[in-house]
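A quick write-up on the structure given underneath.
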Amino acid sequence: MIQDYSSVIHDIQQITGKKNVLTAQWDKQAYSKGWRYGEGEALAVAKPGTLLEIWKILNVCNTANVIVIMQAANTGLTGGSTPFGNDYDRPIVIVNTMRINAIHIIDEGKQIIGFSGSTLFGLENKLKAYGREPHSVIGSSCIGASIVGGVCNNSGGALVKRGPAYTEMSLYAKIDADGTLILVNEIGIDLGETPEEILNNLETKNYNSNQIKFPEKLASDNEYQHRVRDIDADTPARFNADGRRLYAASGCAGKIAVFAVRLDTYVSPKRTQVFYVGSNTSETFMQIRRAILSTFKQLPTSGEYLHRDCYDAAKKYSKDTFVVIDKLGPNYIPKLFNLKRKMDLLADKFSILPSKFSDKFMQFLSSFWPKHLPKRMEQYRDQYEHHWIIEMSDDGIEEAQHFFDEFFKTNDGDYFVCTPKEAKKALLHRFVAASAVGRFHALNSNALGEMMSMDIALPRNEKNWFEHLPQELDELFEMKLYYGHLFCHVLHQNYILKKGVDAKSLKEKLLKTYDARGAEYPAEHNVGHEYFAKPVLSEFYKKLDPTNGFNPGIGKTSKLKFWK
């Protein structure tokens, strides 16, 4: 084992150029600290510019017995793409792939090849010319999430007709049990024999249509529509440890180095319409969900739930993010988050500035901005506890309107048909709600206990979907915020504990309540370093990475070589 790793850094600099290898603590922090959770030490951050440079870096690290953590946009919520703590048995090199962002369109736009740093936002823009859409077009696309990152974490699924990102067609490197680094080409294109040929030919698009094959392999979850419609099944529609959808890059959580993935795309609808639904009983939404999924000819595009408390928190504490996206567009959000990170790193250096400086500064600025939510949404906020933003497309629009007209003649609640402006703001308000709990905690951390964000998938047959905790648990929370994707029964439940409450003990009790309901967790954010990987997931990781050379410790597994 090498003790002086300066030669490793030198060799990587020879590959990428010195300016693309970060070794100063200040420079590394934006990559070694998670967007919301987790951080740790790294020997260096390498920013390769080509697929072949990634391969060469992997060879250097493997030879020197150095851990590799592959990273793209670093927008994960559970710390899965950064080091976590400093108790690894080998040094770590983070390989950030965001410079390698090419997207190849194949089969007249029906499929794409996304390189390791390509983003959902870039893909969405590229597919517009073909009248098609990617597997995910809301939420994570706004903060610059990568295509490959989504596949590696089974992310997405908010779009009811499409399900989570999934493919059996990818190009990746893995380390065999004997420590040999090998390149695996399952992307379905004849690209040559050697790693150098394969990577260069893909990068330069040195292949023609005759070399593109269409094997009996999936490039999306072809069963999801049937699964989500099965409202009487006693298992969730989707969750990260679903063994049906763990294959090579899909669900790998960085246990292999993924160069590119091949994915299906979807025809864009001709018409869309958003319906804003309100009710004071969770049973109403249960009835709507079961009726739509079981009887409608057309599935909804999406169905985003928001509780009144979460509505209020997002209105106040996510206002700045809302305004930036609304006025400047989603392509500005990655820049905003980079600026926010730099502000906090700077504040850590100067004691005169408060901790969480960026949150406090941006919250101060947002207070000067006028009211930003539509009048009818605000009226529904006063009238109803539960809010549901349902988007339909094409023939499903009339189907939904007829259903709601009849349903609300005899049931609690009401709905309105959104104007295009209302629809945009309603969906945006739901998206930015994810940041509200973090902002509130940052502003009031001295008076509060810990923050917990749970990501759970309820069984499809669960009728009592809204959480009602026993009083002895409920009284331990300062704040509870509920939102999620109601058609697939994936809920995000964010909690802030009262000061002095034992977070570890409380979390164990919460998880027991989920287990009693037959829920799976996490549903879509993946285990990262926040959750234990269940056996089906940890065994998958061990099979992919027998030496534990890529992203060790994920899912609270061993950080030691050979999984000791």
Side-chain angles (χ1 to χ4, degrees), residues 72-73 75-76 101-170 187-188 217-229 236-240 242 244-253 258 260-269 272 298-304 330 391 393 427 431 457 484-485 487-488 490 522-526:
T75 57
N101 58 6
I103 298 170
H104 293 176
I105 305 293
I106 62 174
D107 194 21
E108 299 178 330
K110 294 176 184 175
Q111 290 189 328
I112 62 98
I113 306 289
F115 284 25
S116 49
S118 57
T119 65
L120 282 169
F121 182 74
L123 177 57
E124 190 177 345
N125 284 339
K126 195 155 191 173
L127 286 174
K128 285 178 182 177
Y130 297 84
R132 302 186 74 87
E133 295 176 344
H135 73 274
S136 180
V137 294
I138 63 170
S140 55
S141 58
C142 292
I143 55 172
S146 71
I147 297 169
V148 167
V151 171
C152 293
N153 291 301
N154 301 119
S155 299
L159 299 187
V160 183
K161 302 176 186 178
R162 303 177 192 179
Y166 180 74
T167 186
E168 296 167 356
M169 307 177 78
S170 60
I187 209 159
K217 288 188 173 184
L218 299 178
S220 61
D221 187 343
N222 65 336
E223 298 175 350
Y224 188 71
Q225 286 199 27
H226 303 292
R227 287 182 62 81
V228 79
R229 282 188 180 274
R238 61 184 178 95
F239 55 100
N240 286 128
D242 185 356
R244 299 166 45 257
R245 291 296 176 251
L246 298 175
Y247 184 96
S250 295
C252 72
V258 182
V261 294
R262 179 169 166 179
L263 293 167
D264 291 333
T265 67
Y266 302 83
V267 176
S268 300
T272 62
Q298 299 289 328
L299 280 173
T301 299
S302 65
E304 296 299 298
E391 183 176 1
S393 62
L427 288 167
F431 163 62
H485 319 294
F487 283 113
C488 55
V490 167
E524 62 183 14
H525 295 160
N526 218 342

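Quick caveat, the model's predicted, so the values are computed rather than measured.
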Report the residues that fulfil ring-ring contact (aromatic ring centres under 6.0 Å, His included) with His525, sequence neighbours left out, ordered by chain and then residue number.
His492

Across all chains, not counting sequence neighbours, the ring-ring contact (aromatic ring centres under 6.0 Å, His included) partners of Phe239 are none

Distance from [X] atom [atom1] to [Y] atom [atom2], nearest 0.5 Å?
X      : Y      : atom1 : atom2 : result
Ile103 : Leu123 : CD1   : CG    : 5.0 Å
Ile147 : Leu263 : CD1   : CG    : 7.0 Å
Leu427 : Glu304 : CG    : CD    : 7.5 Å
Leu120 : Thr75  : CG    : OG1   : 9.0 Å

Kindly write out the residues that satisfy side-chain hydrogen bond (donor to acceptor under 3.5 Å, both in side chains) with [X], not counting sequence neighbours, or none if the list is empty.
X      : value
Glu168 : Tyr166
Asn153 : Asn526
Arg132 : Thr265

Of the non-hydrogen atoms in [X] and [Y], which two are nearest, and what is the gap between them?
X      : Y      : answer
Arg262 : Thr167 : O-OG1, 2.6 Å
Ile113 : Ala260 : CG2-CB, 4.0 Å
Arg227 : Pro236 : NH2-O, 3.2 Å
Asn240 : Glu524 : OD1-N, 3.3 Å
Tyr130 : Gly109 : CD2-CA, 4.0 Å
Ser302 : Phe487 : O-CE1, 4.1 Å

Sorted by chain and residue number, the salt bridge (charged side-chain N to carboxylate O under 4.0 Å, His left out) partners of Asp242 (sequence neighbours excluded) come out as Arg244

Residues in salt bridge (charged side-chain N to carboxylate O under 4.0 Å, His left out) contact with Arg245, at least two apart in sequence or another chain
Asp221, Glu223

How would you list, by chain and number, every residue that makes a side chain to side chain contact (heavy atoms under 4.5 Å, CB included) with [X], sequence neighbours excluded?
X      : answer
Ser146 : Ala72
Val148 : Cys152, Val258, Val261
Ala165 : His135, Val151

For residues 101-122, which residue pairs pass the salt bridge (Lys or Arg N to Asp or Glu O under 4.0 Å) check, not counting sequence neighbours?
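For residues 101-122: none.
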
Within a strict 4.5 Å, meaning less than it, do heavy atoms of the Ile105 and Leu127 side chains meet?
yes

For the residue pair Ser170 and Tyr247, establish whether any side-chain heavy-atom pair is separated by less than 4.5 Å.
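Answer no - side chains too far apart.
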
Pairs under 3.5 angstrom only: tabulate donor-acceptor contacts from the side chains of residues 155-163 to other protein residues two or more places apart or in another chain.
residue, atom, partner, partner atom, Å
Lys161, NZ, Ser393, OG, 3.0
Arg162, NH1, Glu133, OE1, 3.4
Arg162, NH1, Pro134, O, 2.6
Arg162, NH2, Glu133, OE1, 2.6

